[in-house]
Asks: 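My questions all concern the structure below.
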Amino acid sequence: MRDLAAGIRYLGQGQRWVARHGRWWGFGLIPALIALVLYGAVLTVLALFSGDIAAWATPFADGWGAPWQGLLRGLFVALLFAGALLLSVLTFTAVTLVIGDPFYESLSEQVEKDEGGCPEGPDRSLWREIWIALCDSVHVLLRAAGFGILLFALGFVPFLGQTVIPVVGFCVNGFFLAVELTSVAMQRRDIPVRERLRLLRGRKALAVGFGTPLVLLFLIPFVAVVLMPGAVAGATLLVRDLLPADEQEPEETRVQAPQQGY
C-alpha cells in the first residue's frame with residue numbers, strides 16, 4: 001500500500017511542478033495536441049463503422065432472432081469501443097512521446113535539474129533518440145496488446161467480464177502507461193526497455209498507483225492533453241525514487257572511494 005500511495009503522490013507532484021512552471025506546461029502541450037487530433041479522427045471512424053465490424057465478426061448470429069442478435073452485437077460493439085479507448089490511452093502516450101521526444105526530454109531534464117543531480121544523457125543524435133523511443137514503444141505496446149487480447153476475451157465471461165476484468169484491465173493499462181511515461185528519464189540513463197520493465201515489475205504497486213489514475217483521467221476528453229506535461233514530470237520524479245542513488249548522478253561526477261593500502 002505504501003508504494004501504491006507513493007505512485008499517486010508522484011502523479012500529484014508532477015502536476016504541481018508544471019503548475020509552478022507555466023512555460024514548461026505550455027511547452028509540453030504541443031505534442032499532446034497534435035496526437036489528440038490524430039486519435040480523435042481514428043475513434044470517430046471506429047464509432048461510425050463499429051456496427052459493420054460487429055456484423056462481420058459475428059456472422060453466426062445472422063439468423064438469430066430478436067433480441068439475441070442485437071444483444072450480442074451490442075455487447076461486441078461496447079467491448080470493442082471500450083478496448084479501443086483503453087488501447088488509445090496507452091498508445092496516446094507512446095505516440096505523444098515519440099512526437100514530442102525533444103519537448104519532453106527538455107522538460108524531464110529541467111525537473112531533474114531542479115531536484116539536483118541530473119545525469120548526462122548518452123551522446124546520440126535527435127533522430128537516433130526518436131528511433132530508439134519508437135522501437136521501445138512498439139516493444140511495450142506489443143506486450144500490452146497481448147494482455148489486451150486476453151482481457152478482451154475474458155470480457156465475454158458472464159459476471160466476471162463485467163466486474164473483475166475491467167478493474168484488472170485498468171490496472172494493467174496503468175502499469176504499461178507508467179512504463180511509457182518513465183521512458184524519457186530512463187532513456188536519458190541509457191537503460192534498455194527490458195530492464196525498465198524488470199525494474200517496474202519489481203515495484204508493481206508504485207507503477208500501478210502512478211499509471212492507473214492517469215488511465216481513468218485520460219478517458220475524459222481533452223484531460224490527457226492538459227495532464228501530459230505533468231505526467232512526464234511526475235514520471236521523472238518516480239524514476240529518481242525507483243533507481244539506486246548512485247545511478248542518479250552523471251558518471252563523471254561520482255566520487256570514487258579512496259583505495260586502502262595494506
Asks: Is Ser108 reaching over with its side chain to a backbone N or O of Glu105, donor-acceptor style, under 3.5 angstrom?
Replies: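 Absent.
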Asks: Where do Phe60 and Trp64 come nearest, in terms of heavy atoms and distance?
Replies: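 For Phe60 versus Trp64, the nearest heavy atoms are O-NE1, 3.3 Å.
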Asks: What's the separation between atom OG in Ser50 and atom CG in Leu43, rounded to the nearest 0.5 Å?
Replies: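 With rounding to 0.5 Å, OG (Ser50) is 11.0 Å from CG (Leu43).
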Asks: Please report whether the ring centroid of Trp17 lies less than 6.0 Å from that of His21.
Replies: yes
Asks: For the aromatic rings, using the six-membered ring if either is Trp, is the centroid distance between Tyr10 and Phe210 under 6.0 Å?
Replies: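 Distance test on ring centres: not under 6.0 Å, no.
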Asks: Under 4.0 Å between a Lys/Arg side-chain N and an Asp/Glu carboxylate O for Arg189 and Glu195?
Replies: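 Answer for the salt bridge query: no.
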Asks: Determine whether Ile165 and Leu216 fall in the same hydrophobic cluster, where Ile, Leu, Val, Met, Phe, Trp and Tyr are linked whenever their side-chain heavy atoms lie under 4.5 Å apart.
Replies: yes
Asks: Got a sec, which residues hit ring pair (Phe, Tyr, Trp, His ring centres under 6.0 Å) with Phe76, two or more places apart in sequence or on another chain?
Replies: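 Checked Phe76 against ring pair (Phe, Tyr, Trp, His ring centres under 6.0 Å); zero matches.
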Asks: Between Phe81 and Ala47, which heavy-atom pair has the shortest distance, and what is it?
Replies: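 Where Phe81 meets Ala47 most closely, the heavy atoms are CE1-CB, 4.0 Å.
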Asks: Please find the pair of heavy atoms, one from Leu151 and one from Gly169, that lie closest to each other, and give the distance.
Replies: CD1-CA, 3.6 Å
Asks: Determine the interplanar angle of the Tyr39 and Phe92 rings, folded into 0 to 90°, and report it as parallel if under 30°, tilted if 30 to 60°, perpendicular if over 60°.
Replies: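 The arrangement is perpendicular - the two ring planes meet at more than 60°.
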Asks: Any side-chain heavy atom of Leu242 within less than 4.5 Å of one from Met186?
Replies: yes
Asks: Find the distance between CG (Leu214) and CE (Met228) and round it off to the nearest 0.5 Å.
Replies: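 Atom-to-atom, Leu214:CG and Met228:CE are 9.0 Å apart.
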Asks: Are the side chains of Arg240 and Val111 in contact, using a 4.5 Å heavy-atom criterion?
Replies: no
Asks: Ignoring hydrogens and angles, tell me if any N or O in the side chain of Trp25 forms a donor-acceptor pair with the backbone of Val226 under 3.5 Å.
Replies: yes
Asks: Quick one: closest heavy-atom pair of Leu237 and Gly14, and the distance?
Replies: CD1-N, 4.3 Å
Asks: How long is the straight-line distance from CZ of Phe103 back to CG of Leu29, given to the nearest 0.5 Å?
Replies: 11.0 Å
Asks: Could you check whether any side-chain N or O of Tyr104 sits under 3.5 Å from a backbone N or O of Gly28, counting only pairs where one atom can act as donor and the other as acceptor?
Replies: yes
Asks: Between Leu181 and Thr236, is there a side-chain heavy-atom distance shorter than 4.5 Å?
Replies: no
Asks: Would a single hydrophobic cluster contain both Phe218 and Ile8, if residues Ile, Leu, Val, Met, Phe, Trp and Tyr are joined by side-chain heavy-atom contacts under 4.5 Å?
Replies: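 Each belongs to a different hydrophobic cluster.
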Asks: A side-chain contact here means heavy atoms from C-beta on lying under 4.5 Å apart; do Ser183 and Val193 qualify?
Replies: no
Asks: Who pairs with Gln15 by side chain to side chain donor-acceptor pair (under 3.5 Å), at least two apart in sequence or on another chain?
Replies: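 Residues passing side chain to side chain donor-acceptor pair (under 3.5 Å) with Gln15: none at all.
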Asks: Roughly how far, to the nearest 0.5 Å, is the CG atom of Leu200 from the CG atom of Leu206?
Replies: 7.5 Å
Asks: Is there a continuous path of hydrophobic side-chain contacts, each under 4.5 Å between heavy atoms, that joins Val140 to Leu150?
Replies: yes
Asks: If hydrophobic clusters are built from ILVMFWY residues whose side chains come within less than 4.5 Å, do Ile149 and Leu46 share one?
Replies: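 No; Leu46 is not reachable from Ile149 via cluster members.
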Asks: For Asp3 and Lys204, what are the C-alpha separation, side-chain angles and deciding distance, and is it a salt bridge (charged side-chain N to carboxylate O under 4.0 Å, His left out)?
Replies: CA-CA 8 Å; Asp3 266 357; Lys204 291 186 183 72; over 6 Å; no
Asks: Side chains of Leu75 and Leu79, heavy atoms from C-beta outward: is any pair under 4.5 Å?
Replies: yes
Asks: In the hydrophobic clustering that connects Ile, Leu, Val, Met, Phe, Trp and Tyr at side-chain heavy-atom distances below 4.5 Å, which members other than Val45 occupy its cluster, ordered by chain and number?
Replies: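 Val45 clusters with Leu48, Phe49.
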Asks: Are more than 12 heavy atoms from other residues, nucleotides or ligands located less than 6.0 Å from atom CZ of Arg194?
Replies: no
Asks: Which atoms form the tightest heavy-atom contact between Ser106 and Phe27, and what is the distance?
Replies: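 Closest pair (atom of Ser106, atom of Phe27, distance): CB-CE2, 4.2 Å.
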Asks: Below 4.5 Å, heavy atoms only, C-beta onward: do Val172 and Val168 meet side chain to side chain?
Replies: yes
Asks: For residues Lys113 and Glu109, determine if any side-chain heavy atom of one lies less than 4.5 Å from a side-chain heavy atom of the other.
Replies: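 With C-beta onward as the side chain, the pair touches.
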Asks: Check the pair Thr182 / Arg196 against side chain to side chain donor-acceptor pair (under 3.5 Å), numbers first and verdict last.
Replies: CA-CA 8 Å; Thr182 55; Arg196 298 174 206 167; over 6 Å; no
Asks: Within a radius of less than 6.0 Å around CZ of Phe147, do more than 12 heavy atoms belonging to other residues, nucleotides or ligands occur?
Replies: no
Asks: Output the distance between atom CZ (Phe170) and atom OG1 (Thr212), rounded to the nearest 0.5 Å.
Replies: 9.5 Å
Asks: Grab the two heavy atoms, one from Ala35 and one from Thr96, that are nearest each other, plus how far apart they are.
Replies: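 So the minimum-distance heavy-atom pair works out to CB-OG1, 3.2 Å.
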Asks: Do Val215 and Ile220 share a hydrophobic cluster, counting only Ile, Leu, Val, Met, Phe, Trp and Tyr and linking them when any side-chain heavy atoms are less than 4.5 Å apart?
Replies: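 Looking at the clustering, Ile220 is in the same group as Val215.
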Asks: Roughly how far, to the nearest 0.5 Å, is CG of Leu134 from CD1 of Ile99?
Replies: 11.0 Å
Asks: Could you tell me if the side chain of Arg188 sits less than 4.5 Å from the side chain of Val239, heavy atoms only?
Replies: no
Asks: Check the pair Leu107, Val184 against side chain to side chain contact (heavy atoms under 4.5 Å, CB included), reporting the backbone distance first and the verdict last.
Replies: CA-CA 10 Å; Leu107 189 155; Val184 178; over 6 Å; no
